Amino acid sequence: MFTRRATTRLARQLLDETFQRTQLPCNSTMASLISHGHFEEALQCFIDMPKPCARAHVQALNACSSLSNPWLGRQVHARLVHGLAPMNPFVLNALLGMYAKCGGIKAARQIFDEMPQRNVVSWNAMIAAYLKNSLPRESLNVFLEMKKYRVQPDAITLSSALTAYLRLGFVMEASDLFDGMTENERDGVSWTAMISGYVQNGVYGQALKLFVKMLGSSVRPDSFTLSSVVSACAGLACVEIGKAIHAQAMAIGFQSDLLVSSALLNMYAKCGEVGDSWVLFELMRVRNVVSWNAMITGFAQNGRDMDAIVLYEKMLQSHIKPDDITFVGVLSACGHERLLDEGLRYFHSISELHGMAPSPDHYACIINLLGHFGKLEQAMELIMSMPNKPNYIIWSTLLSICKINGNIELAEVAARHIFELNPQDSGPYIMLSNMYAACERWGDVASIRKLMKDRNVKKSPAYSSIEINNQVHTFLAEDRTHPQTQMIYRELRRLVEELREAGYVHDTNFVLQDVGEREKLESICYHSEKLALAFGLISKPHGIPIRIMKNIRVCGDCHLFIKLVSRVSNRSIILRDSNRFHHFSNGECSCRDAW
Ligand code: ZN
Ligand code: ZN
C-alpha cells in the first residue's frame, strides 16, 4: 500500500501535464507489472508514459482498484474527463469497476447510468458493487433492470443475483433462479450459496436434497458446502444422514478441515451423540474457539454440565480466548447444576477478567440461576443494572422464574414488558393465564383470553419430528395426516393403558385452564411428541435409540410420559426441545426434571 506522501506525489504527477518524460515504457510493461502484483510500479510506469492511450488508462484504473485506492482512481478519472484519452466502453467499464471495488458506489452508479453502451460486464460490475456494499436490494434491482433490457446474464450475473436474493431471505426466488440455471452456469459458488441459504433460513430438508443433486453434478463440494449440509443435519437432528456425510467428507479428504470438523462436532452434539463429538474433538489437531464452543455447549446441552465446566477451564489453560458463545455454554452448565456461586463468579469474570460486556443471554442465564434459588429481588436488581434496555429474553426469563416461585406481582411486570416487545407471542399469555388459574383468579384468566383475542394472538403450532430410514416425519398435535395414523394411535393408547396400570395420571396443568376436563385430556394425550414417540416405537427396532425433535419446550406431561415409556419399553429416548436435550432412560431424564 502507498504511503500518504507517495500517494500525493503520484497524484500530483498524474495531473501534471508538464512532468518529465524520460522513459519510454509501454503498455505491455504495465500489464506485466500488474500481473505480478506490482501495482505501484505499474502506476509509475503510466505516469512516465509520454502519451498514454485508452488501454493504458484501463490498466491504470485496474491498478488503482487492486490498491483499493479511490483517491488515485479519481485522478485517473480526472485525466479522462480532461479528454486525455477517449472514453470507450472498456475505459468506462474499468472506471465503473474501480469505483465499485473502492466503495465509491454513487460514482459507480453515475458512470453506469451515463454509459451509452452496456455489455454484460458493466451490469455484472454494478450488481457486484451493490452486493459488496451490503445493498442486496439495489443489487437485485439492477439484475431485474438487466432482464427488462433483455441482456443475457452469464454465470457471474446469476451467481451474484442468487447471493443477493439469499441475503434478503428471498429463498423461493433464489431457488427459482437456481433451478433455471444450466449445469454449466452452476459453479461451486452458486451450489454452496444455495445450500447454505437454505440452511440459514431453516429449510434444512431442501438443503439436503440439493446436496444430493450436487453430488450428481460435476462440481465438487468444498468445506463450506460440507459444513452447511452438516448443519442441516444438526437442524433436523438427522444423525444417520449426518454420519453418511461424515464418511463422505473423510473419503474426499476433509479429515483435518477445521470448518468441517467443527460442524460435525456440533452436529453430533445436537443429535444427542455427545460421545461422538468428544471423539472428534480429541482427534482435532488444531482447535479454534468455534470447536471449543461447540464442545462446551454440546456437553451443557446434553446434561454433562460438569464436563462443560472442566473443559472451559482447560480452554483457558490452552490460552484460547473465550467469546460470547463460550460463556452461554458455561453459564447454562452452572444453571443446570444449580451452581450459584460459580455461575456468579464466571458471570463477573466476563467483564472483569476478559474485558467483554456480558450479553443479554449471559444476563438471562444468571437471572434464571438466581430464580432457582428464590432470589427474585436480586434478579430484578440485576435487570435494573443492565447498561442497555432489557430485551425480550430477559423479561421471558424473569416471567418463567416468577412462575417457579409463584410470584404473580413480578410476573405481571415481566409480562407487561413482553407484551410490549412481542405482542404476538402466545407463550407469555398462556403462562400468565396458568398462574392466575393456579390461584383461581378466573376473572384475570378471562381477561388474558380476551387480550389474546383482541390482539389476534395465535398459539404457534407445536410440532415434533423423527427420522426413520433417512426420512423425516413431522407431527402436529392431534395430527391424523400420517399414512400410519391408525397404528400410531393404537400404539399410543396401548402405552397409556400400560402406564395407567402402573399409576400414571395425565397432568392437565399444561393445558389452557378454561377448557373442559375431557377436551384437556384429549389434547394432552395426542401432543406431537407423543405421536412421534409412538411412531418411533413401532418403526425402530429394539435396542436403537429413538430421537425426537420438538420446536418448542416439552410440556410436563409429555416429559413424565416419556420418562415412564423409557422404563416400560426399556428404550433410550432422546428428545431435543427448543431449550435443551433430554436423554431418557430407565425412567429418568438427564435434565433431572429441570428445564
Ligand atoms: Zn406435551
Ligand atoms: Zn428432561
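Given the structure is predicted, the values throughout are model-derived calculations rather than measurements. Because only heavy atoms are used, hydrogens play no part in the values below, and waters and symmetry mates are left out as well, while side chains stay in.
Of the residues Thr157, Asn119, Asn93, the one that meets the side chain to side chain donor-acceptor pair (under 3.5 Å) test with Asn124 is Thr157.
Under the 6.0 Å distance and 45° angle rule, Arg118 counts as a cation-pi partner of Phe112.
Note that the NE2 atom of His473 and the CG atom of Leu531 stand 13.5 Å from one another [nearest 0.5 Å]. Here the straight-line distance linking atom CG of Leu210 with atom CG of Leu215 works out to 10.0 Å at 0.5 Å rounding. The distance from atom OG of Ser65 to atom CZ of Phe39, rounded to the nearest 0.5 Å, is 9.5 Å. Rounded to the nearest 0.5 Å, atoms CD1 (Ile548) and CG (Leu575) are 6.0 Å apart. The distance from atom CG of Asp176 to atom CZ of Phe170, rounded to the nearest 0.5 Å, is 12.5 Å. Interatomic distance, CD1 of Ile394 versus OH of Tyr363, reported as 8.5 Å (0.5 Å rounding).
No side-chain heavy atom of Val171 sits less than 4.5 Å from a side-chain heavy atom of Gln206. When side chains are defined from C-beta on, Phe419 counts as touching Pro428, because their heavy atoms get closer than 4.5 Å. In this structure, His354 and Pro322 have side chains that are in contact, with non-hydrogen atoms separated by less than 4.5 Å. Taking 4.5 Å as the limit, every side-chain heavy atom of Leu166 sits out of range of all side-chain heavy atoms of Gln200. Residues Phe584 and Cys591 fail the side-chain proximity criterion, which asks for heavy atoms closer than 4.5 Å.
Within 6.0 Å of CZ on Arg455 lie more than 12 heavy atoms contributed by other residues, nucleotides or ligands. Under a cut-off of 6.0 angstrom, the local environment of NZ in Lys321 is crowded, with over 12 non-hydrogen atoms contributed by other residues, nucleotides or ligands. With a 6.0 Å radius and a threshold of 12 heavy atoms from other residues, nucleotides or ligands, Ile105 has its CD1 atom above the threshold. More than 12 non-hydrogen atoms from other residues, nucleotides or ligands lie less than 6.0 angstrom from CD of Glu114. Within 6.0 Å of the CD atom in Gln117, the count of heavy atoms belonging to other residues, nucleotides or ligands does not exceed 12.
Note: Trp191 and Phe211 fail the aromatic proximity criterion, with ring centroids not under 6.0 Å apart. Annotation: Phe281 is in aromatic contact with Trp292 [ring centroid separation under 6.0 Å].
When all heavy atoms of Leu61 and Ala94 are compared, the closest pair comes out as CD1-CB, 3.8 Å. Closest of all the heavy-atom pairs between Ser464 and Lys550 is OG-CG, 3.6 Å. When all heavy atoms are compared, the tightest approach of Ser426 to Met452 is CB-CE, 4.1 Å. Scanning both residues, Gly536 and Ile546, for their nearest heavy atoms gives C-CD1, 3.7 Å. Of all heavy-atom pairs between Val229 and Ala207, the closest is CG2-O, 4.3 Å. Taking each heavy atom of Met284 and Ser261 in turn, the nearest pair found is CE-CB, 3.7 Å.
Remark: side-chain polar atoms of Tyr130 are not paired, donor with acceptor, to backbone N or O of Ala100 under 3.5 angstrom. A donor-acceptor pair is defined here as one N or O able to donate and one able to accept, closer than 3.5 Å; no such pair exists between the side chain of Asn266 and the backbone of Ala294. Of the possible donor and acceptor atoms, none in the side chain of His57 sits under 3.5 Å from a partner among the backbone N and O of Val76. Side-chain N or O atoms of Asn469 include none that pairs as donor or acceptor with a backbone N or O of Gln471 at under 3.5 Å. Side-chain N or O atoms of Asn391 include none that pairs as donor or acceptor with a backbone N or O of Leu421 at under 3.5 Å. Thr192 places no side-chain N or O within donor-acceptor distance of the main-chain N or O of Val189, the cut-off being under 3.5 Å. Between the side chain of Ser231 and the main chain of Ser227, a donor-acceptor pair closer than 3.5 Å is present. In this structure, the side chain of Arg167 engages the main chain of Leu131 through a donor-acceptor pair within 3.5 Å. Judged by distance alone, with hydrogens and angles left aside, the side-chain atoms of Asn133 form a donor-acceptor pair with the main-chain N or O of Ala129 at under 3.5 Å. Under a 3.5 Å cut-off, the side chain of Ser465 and the backbone N or O of Thr474 do not form any donor-acceptor pair.
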### Query
Yes or no on side chain to side chain contact (heavy atoms under 4.5 Å, CB included) for Met126 and Leu96, after CA distance, side-chain angles and deciding distance?
CA-CA 8 Å; Met126 202 59 235; Leu96 174 57; 3.7 Å; yes
### side chain to side chain contact (heavy atoms under 4.5 Å, CB included) between Phe224 and Ser196, intermediate numbers included
CA-CA 8 Å; Phe224 289 104; Ser196 74; over 6 Å; no
### Task
Evaluate the side chain to side chain contact (heavy atoms under 4.5 Å, CB included) criterion for residues Thr225 and Val219: first the C-alpha distance (whole Å), next the side-chain angles of each, then the deciding distance (0.1 Å), finally the verdict.
CA-CA 11 Å; Thr225 335; Val219 182; over 6 Å; no
### Query
Step by step, would you call Met146 with Ile127 a side chain to side chain contact (heavy atoms under 4.5 Å, CB included)?
CA-CA 10 Å; Met146 177 180 182; Ile127 292 171; 4.1 Å; yes
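Checked against salt bridge (Lys or Arg N to Asp or Glu O under 4.0 Å), Lys270 has no partners two or more places apart in sequence or in another chain. Checked against salt bridge (Lys or Arg N to Asp or Glu O under 4.0 Å), Glu273 has the following partners two or more places apart in sequence or in another chain: Arg547.
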Which donor-acceptor pairs under 3.5 Å do the side chains of residues 233-256 make with protein atoms, sequence neighbours left out?
residue : atom : partner : partner atom : Å
His246  : ND1  : Tyr268  : OH           : 2.9
Gln255  : NE2  : Met250  : O            : 3.0

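Between Trp395 and His417, the ring-plane angle classifies as parallel under the 30° and 60° cut-offs.
Looking only at atom types and distance, the side chain of Asn288 has a donor-acceptor partner in the side chain of Ser291 under 3.5 Å away. There is no side-chain donor-acceptor pair under 3.5 Å between Thr182 and Asn184.
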